[in-house]
Amino acid sequence: MPYETIRIERRDKGVAWLIIDHPPANAISETLMNELEQAADELEADSKVRVIVIASAHPKTFLAGADLKDMIRRGSQLAGNKAGIVEQSARMQRCFDRFAKMPKPVIAAINGYALGGGCELALACDFRIMGGGKIGLTEVSLGLIPGAGGTQRLTRLVGRAKATELIFLARRLDPQEALALGLVHRVTAPERLNEDVASFAEQLSEGAVRAMGLAKRAIDAAEECAEDGFAVEAASFAATFQTGEPAIGLAAFFQKKQPQFLR
């Protein structure tokens, strides 16, 4: 389907690139959120898509936060509408959660600034590979707090003490700082970002992606409640046997061959 703020490129080995192209600054708008959700539905339903990469068409910005000019314009209206603000936050949470719960690996290719909402979208991805720019939850510097899942996901990633520091001080981390904290998985040179992300995505696509999706569910459950997490892990383990992938993997193991999951 045609999109206004994004485009989808299906590349080799079942890797789909979802490229955000919403000038001038890739600000988060209602149109962008609608199209991200529509794209998530499309890519999840496409059995040929095994791995998703979220990237930006703009060299200096992965994704900006909310449209601040619009927030200023509507300041008095928002201040008197608590329910509306709650829904606005929940709306962004639902949008980014589509990728957090995607039953396929999702990679954020961070080529520039990923601040505020941009950081929150990246945190919702399974992997973050950074080739430049800065990343961080900077909302407190504006008198706001992260409202699209950032307080939850950052805390799970780096722990309460460090998350509190990063959020309170609105820290903007360069790639090496983010890597040292475990906020991103890999750092590469800006000119190599797309190449390195493509290579990693293809490596993932050759694996048992259905099992990866089930493992993601179990990992998420472990963060929510240990007791429930064990139950989900057991159910997910059982569910892997319905995918056909264990048969491929086990046969290849005993034959001392590399399993060929891609098909």
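Keep in mind the model is a prediction, meaning the values are calculated, not measured.
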Just list the side-chain donor-acceptor pairs under 3.5 Å for residues 133-156, sequence neighbours left out, or say none.
residue	atom	partner	partner atom	Å
S141	OG	T138	O	2.5
R153	NH2	D97	OD1	2.6
T155	OG1	T151	O	2.6

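Under the side chain to side chain donor-acceptor pair (under 3.5 Å) criterion, the residue pairs touching residues 189-201 are T188-D196, R192-D196, with sequence neighbours excluded. Pairs passing the ring-ring contact (aromatic ring centres under 6.0 Å, His included) check and including a residue from residues 111-132, sequence neighbours excluded, read F127-H185, F127-F200. The list of salt bridge (Lys or Arg N to Asp or Glu O under 4.0 Å) pairs with a residue in residues 25-35, not counting sequence neighbours, reads E30-R91. Screening residues 145-170 for ring-ring contact (aromatic ring centres under 6.0 Å, His included) gives no qualifying pairs among residues at least two apart or on separate chains.
Using a 4.5 Å cut-off on side-chain heavy atoms (C-beta onward), I6 and I19 make no contact. Proximity of D46 to R10: side-chain heavy atoms (C-beta onward) are separated by under 4.5 Å at one or more points. A 4.5 Å side-chain heavy-atom check between I107 and I129 finds at least one atom pair inside the cut-off. The shortest side-chain heavy-atom distance between L32 and L63 falls under the 4.5 Å cut-off. Counting heavy atoms from C-beta outward, L179 and L173 have side chains that stay 4.5 Å or more apart. I8 has its side chain out of reach of W17: every pair of non-hydrogen atoms, C-beta onward, lies at least 4.5 Å apart.
Residues I110 and L183 are members of one and the same hydrophobic cluster, defined by side-chain heavy-atom contacts under 4.5 angstrom among Ile, Leu, Val, Met, Phe, Trp and Tyr. I52 and V15 are assigned to two separate hydrophobic clusters, defined by single-linkage of ILVMFWY side chains at heavy-atom distances under 4.5 Å. At a threshold of 4.5 Å between side-chain heavy atoms, the hydrophobic network of Ile, Leu, Val, Met, Phe, Trp and Tyr places L204 and I248 in two separate groups.
In this structure, E44 does not pair ionically with K104, as no charged nitrogen and carboxylate oxygen lie closer than 4.0 Å. Under a 4.0 Å N-O distance rule, the pair R210/E245 qualifies as a salt bridge. Ion pairing of R98 with D41 is present here, as a side-chain N (NZ or NE/NH1/NH2) and a carboxylate O approach within less than 4.0 Å.
Distance CG/N111 to CZ/F62: 8.0 Å, rounded to 0.5 Å.
Shown here are the salt bridge (charged side-chain N to carboxylate O under 4.0 Å, His left out) partners of E9, two or more places apart in sequence or in another chain: R7, R11.
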